[in-house]
Amino acid sequence: MRRLGLSLLMAALLGGCGGDGASPGERSVVATTTQVADLVRQVGGSRVEVEQMLRPGGDPHDYEPRPSDVAAVAGARVVFRSGGEVDDWLGDVIDNAGGEAEVVTLLDSVQRDRDDPHWWQDPRNAVRAVEAIRARLARVDPSGRGSYDRNAARLTARLRSLDRAIAECVERVPRAKRRIVTTHDSLGYFARRYGIEVVGSVIPSLSTQAQASAGDVEDLVRQIRRERVEAVFPESSVNPDIERAIAREAGATIGSPLFADSLGDEGSAGDTYVRALAADARALVRGMSGGRVDCVL
């Protein structure tokens with residue numbers, strides 16, 4: 001666990017002094033990951049100011065909290081976290097920030113699978129998270145309840161529509177071809193939802209902080225050949241060099257990078273949760289089918 005020292009805390013507090021009145025305010029909230037921040041923004045709308053800790057393209061598993069994170073938590077009404085290993089570094093930030101922020105762990109509101117923290121890979125879990133966000137925002141800002149209700153209903157309808165569209169798209173891929181290899185064990189929820197087999201991962205762990213041995217890589221190459229996996233999928237937040245080498249050695253193609261642990265930059269195909277999940281689904285379908293299947297999502 002990373003420790004934020006006294007100097008970091010002092011930098012954060014001093015940096016927050018002498019402002020021009022643009023303090024967080026009554027409806028200021030903090031969100032740890034890019035996915036959580038996007039869902040909170042869409043439910044909160046113009047009534048809520050969201051301070052996002054992780055930047056697009058960043059790997060949450062090795063995130064180093066900044067002084068601005070401490071200052072943001074110190075002035076927030078609510079902190080929305082993803083939960084599990086993905087953002088367990090938040091504990092140190094809260095310890096150093098003090099303040100009276102209420103922490104909402106979205107992993108506690110979804111249908112979780114054992115210790116896997118990647119709940120957002122199943123849009124049905126995003127629906128559950130949206131409800132938790134709506135309820136908490138309405139609790140701290142009762143006058144905005146109607147706005148939060150409308151925003152949440154609109155987003156929920158979009159998520160359910162996307163879920164159906166992804167299921168229909170994946171069904172077009174022959175079942176024997178629905179096999180994938182990814183950077184790390186981040187696609188379990190997606191795979192279970194849509195009937196896909198995760199043959200293996202380059203980093204055989206729920207975290208990108210683990211390391212793959214040379215023996216692990218050799219075993220994975222042999223398994224890709226044996227299982228006739230069409231494509232290896234890197235992740236947008238991790239250097240893809242090893243994935244490219246494995247795909248080349250195994251005779252598989254390299255798929256489009258997935259927005260597995262982080263949304264993309266503004267203007268990219270994955271700059272919102274909905275767009276990222278749709279982009280990943282299309283990339284997976286194209287890769288699994290050898291480019292023979294594509295969908296409009």
Under 4.5 Å between any side-chain heavy atoms of [X] and [Y], yes or no?
X    : Y    : value
D261 : S186 : yes
L159 : V130 : yes
M288 : R178 : yes
L137 : F80  : yes
L106 : S82  : no
Y148 : V48  : yes
V78  : V30  : no
P123 : Y273 : yes

Euclidean distance, [Y] [atom2] relative to [X] [atom1], rounded to 0.5 Å:
X    : Y    : atom1 : atom2 : value
R128 : S109 : CZ    : OG    : 10.5 Å
I166 : L277 : CD1   : CG    : 4.0 Å
L107 : N125 : CG    : CG    : 8.5 Å
F233 : I180 : CZ    : CD1   : 6.5 Å
D69  : M53  : CG    : CE    : 4.5 Å
W119 : Q111 : CH2   : CD    : 13.5 Å

Original post:
Given V202, which of E235, H184, E243 fulfils the side-chain contact (heavy atoms from CB on, under 4.5 Å) condition?
Top reply: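 Running side-chain contact (heavy atoms from CB on, under 4.5 Å) over E235, H184, E243 with V202 returns exactly one hit, E243.
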
**OP:** Answer yes or no: are there more than 12 heavy-atom neighbours, outside I242 itself, under 6.0 Å from its atom CD1?
**Re:**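 Atom CD1 in I242 is not packed in, count stays at 12 or less.
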
Just by modelled atom types, is the [Y] backbone N or O under 3.5 Å from a matching donor or acceptor in the [X] side chain?
X    : Y    : result
N151 : V43  : yes
S237 : D59  : no
W120 : P117 : no
R244 : I254 : no
Y189 : D116 : yes
D280 : F259 : yes
S147 : G144 : no
S289 : V285 : yes
R275 : T272 : no
R286 : G255 : no

Nearest heavy atoms of [X] and [Y], plus distance in Å:
X    : Y    : answer
L263 : A276 : CD2-CB, 3.6 Å
L187 : Q121 : CD1-OE1, 3.8 Å
D185 : S201 : OD1-OG, 2.7 Å
S236 : S262 : OG-O, 4.0 Å
A252 : I224 : CB-CG2, 4.1 Å
L297 : C169 : CD2-CB, 4.4 Å

**OP:** Consider only side-chain N and O atoms of Q223 and D219, and report whether a donor and an acceptor are under 3.5 Å apart.
**Re:**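 Distance-only check fails for Q223 and D219.
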
Subject >> Partner set under salt bridge (charged side-chain N to carboxylate O under 4.0 Å, His left out) for D141, not counting sequence neighbours >> reply: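 Once residues adjacent in sequence are excluded, the partners of D141 under the salt bridge (charged side-chain N to carboxylate O under 4.0 Å, His left out) criterion are R27, R47.
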
Subject >> Partner residues of E102 under the salt bridge (charged side-chain N to carboxylate O under 4.0 Å, His left out) criterion, sequence neighbours left out >> reply: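 Salt bridge (charged side-chain N to carboxylate O under 4.0 Å, His left out) check on E102 returns R136, R139.
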
Subject >> Lys/Arg N to Asp/Glu carboxylate O, D122 vs R124, below 4.0 Å >> reply: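 Yes, D122 and R124 are salt-bridged.
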
Original post:
Would you call R160 and D163 a salt bridge, taking side-chain N to carboxylate O under 4.0 Å as the test?
Top reply: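 No.
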
**OP:** Take L258 and L284, measure what side chain to side chain contact (heavy atoms under 4.5 Å, CB included) needs, and give me the verdict at the end.
**Re:** CA-CA 8 Å; L258 305 176; L284 288 163; 4.1 Å; yes

**OP:** Begin from the C-alpha positions of R81 and V104 and carry the test side chain to side chain contact (heavy atoms under 4.5 Å, CB included) through to its verdict.
**Re:** CA-CA 6 Å; R81 63 170 300 196; V104 178; over 6 Å; no

Would you mind listing every salt bridge (charged side-chain N to carboxylate O under 4.0 Å, His left out) that reaches into [range], with sequence neighbours excluded?
range            : answer
residues 246-259 : R225-E249
residues 194-203 : R179-E197
residues 144-159 : R134-D149

**OP:** Walk me through it: do E51 and V29 pass the test side chain to side chain contact (heavy atoms under 4.5 Å, CB included)?
**Re:** CA-CA 6 Å; E51 180 70 25; V29 304; over 6 Å; no

Subject >> Results of side chain to side chain contact (heavy atoms under 4.5 Å, CB included) for Q52 - residues two or more places apart only >> reply: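 Testing Q52 for side chain to side chain contact (heavy atoms under 4.5 Å, CB included), a comparison that skips the adjacent residues, returns T34, A37, R41, R55, P56.
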
**OP:** Name the orientation class of the two ring planes belonging to H61 and H118 (parallel below 30°, tilted from 30 to 60°, perpendicular beyond 60°).
**Re:**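 It falls in the tilted class, 30° to 60°.
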
Original post:
So F190 and I196, side chain to side chain contact (heavy atoms under 4.5 Å, CB included) or not? Walk me through it.
Top reply: CA-CA 8 Å; F190 189 98; I196 296 170; 3.7 Å; yes

